[in-house]
Amino acid sequence: MRFVKQLFRHDPANGVYGDCYRTVVACLLDLDHDHVPHRHEVLSNEEQCGAMDAFLRDRGVHTIRIALNGGDVDGALAVAATLSDGLPYLFSGQSRNGTNHVVIARDDRIIHDPSLDDSGIVGPTDVGQFWVEWLVLPLKGYPV
């Protein structure tokens with residue numbers, strides 16, 4: 001795992017869509033930004049997840065996602081830590097810039113913020129949830 005910063009800051013008014021998600025995936029998989037897809041267009045959550053899931057499945061990687069409703073950052077990280085057993089995970093919420101954002105966490109703390117201004121996570125996403133995601137490889141012999 002290597003830590004790099006995102007290439008694009010979120011600025012949809014000027015046709016630029018932040019690439020924090022592809023950046024944390026690249027970090028966790030030890031890939032260059034250019035090897036992980038990113039689109040500069042409005043996509044629904046389902047479309048974004050579907051595109052990234054297809055990219056990951058082509059590489060034998062699956063995503064497990066859970067939503068944590070409400071609460072504060074420390075509480076959400078504490079819950080995620082109990083589920084993660086020391087594994088790094090993607091942690092999504094709202095940044096200090098007022099946009100949805102994703103970082104890498106381990107245990108109950110954020111270990112890497114890919115944002116260009118270290119905007120972090122200060123609360124739940126704009127729909128009131130934190131998201132916790134793990135990138136996993138299926139067990140040998142598991143039908144995929």
### Task
Apply the test side-chain contact (heavy atoms from CB on, under 4.5 Å) to residues Gln129 and Leu68: give CA-CA distance (whole Å), side-chain angles for both, the deciding distance (0.1 Å), then the verdict.
CA-CA 5 Å; Gln129 298 170 317; Leu68 302 176; over 6 Å; no

### Task
State, to 0.1 Å, how close Pro124 and Gln94 come at their nearest heavy-atom pair, and which atoms those are.
O-CB, 3.2 Å

#### Entry: Test item: Asp72 side-chain N/O and Gly75 main-chain N/O as donor-acceptor pair under 3.5 Å
yes

### Derivation of the side-chain contact (heavy atoms from CB on, under 4.5 Å) call for Val25 and Leu31
CA-CA 8 Å; Val25 168; Leu31 297 172; 5.8 Å; no

### Message
Check this for me, if you would: do Asp85 and Arg106 make a salt bridge, where the nitrogen-to-carboxylate-oxygen distance has to be below 4.0 angstrom?
### Response
no

### Message
Closer than 3.5 angstrom, by distance alone: can the side chain of Asn100 be matched with the main-chain N or O of Asp126 as a donor-acceptor pair?
### Response
yes

### Query
With distance as the sole test, does Ser84 use its side chain to make a donor-acceptor pair with the main-chain N or O of Gly86 at under 3.5 Å?
no

### Query
Under 4.5 Å between side-chain heavy atoms, hopping through other hydrophobics if needed: is there a path connecting Val73 to Ile111?
no

### Query
Rounded to the nearest 0.5 Å, what separation is found between the OG1 atom of Thr82 and the CG atom of Asp108?
10.0 Å

### Task
Give, for atom CD1 of Ile121 and atom NE2 of His101, the distance between the pair rounded to the nearest 0.5 Å.
5.0 Å

### Task
Find out if a path of hydrophobic residues (ILVMFWY) with successive side-chain heavy-atom gaps under 4.5 Å connects Val136 to Leu83.
yes

### Task
Mind checking the CG-CG spacing from Asp117 to Asn97? Nearest 0.5 Å is all I need.
4.5 Å

### Message
Strictly distance-based, threshold 3.5 Å: is any side-chain N or O of Lys5 a donor or acceptor partner for the main-chain N or O of Ser115?
### Response
yes

### Message
Using a 3.5 Å distance criterion without hydrogens, assess whether the side chain of His62 forms a donor-acceptor pair with backbone atoms of Trp134.
### Response
no

### Task
Using the side-chain contact (heavy atoms from CB on, under 4.5 Å) rule, take Leu90 and Leu135 through it: C-alpha gap first, then chi angles, then the decisive distance, then the call.
CA-CA 8 Å; Leu90 287 75; Leu135 303 182; 4.2 Å; yes

### Message
Tell me if a side-chain donor or acceptor on Arg57 pairs with a main-chain N or O of Thr63 at a distance below 3.5 Å.
### Response
no

### Task
Decide yes or no for Glu133 and Ser92: does some side-chain heavy atom of the first lie under 4.5 Å from some side-chain heavy atom of the second?
yes

### Task
Indicate if Ile104 and Leu137 have the same hydrophobic cluster label, given that clusters are the connected sets of ILVMFWY residues with side-chain heavy-atom separations under 4.5 angstrom.
yes

### Query
Can you check whether Gly120's main-chain N or O pairs, donor with acceptor, with Asp113's side chain at less than 3.5 Å?
yes

### Query
Mind checking whether Ile66 and Val24 sit in one hydrophobic cluster, side chains of I, L, V, M, F, W, Y counted as touching below 4.5 Å?
no

### Query
Would you call Asp53 and Arg65 a salt bridge, taking side-chain N to carboxylate O under 4.0 Å as the test?
yes

### Query
Val132 versus Ile64: any side-chain heavy-atom pair under 4.5 Å?
no

### Task
Quick one: do Tyr21 and Val36 satisfy side-chain contact (heavy atoms from CB on, under 4.5 Å)? Show the steps, please.
CA-CA 10 Å; Tyr21 193 89; Val36 182; over 6 Å; no

#### Entry: Carboxylate-amine/guanidinium contact Asp74 Arg109, below 4.0 Å
no

### Query
Heavy-atom distance under 4.5 Å between the side chains of Val103 and Pro114, does that happen here?
yes

### Query
Is there a side-chain contact between His33 and Thr23 (heavy atoms, below 4.5 Å)?
yes

### Task
Mind telling me whether Phe130 and Phe91 have parallel, tilted or perpendicular rings, with 30° and 60° as the class edges?
parallel

#### Entry: hydrophobic_cluster_shared for Met52 and Leu28, side chain cutoff 4.5 Å
yes

#### Entry: Considering all heavy atoms, the nearest Cys27-Phe3 contact
SG-CA, 3.9 Å

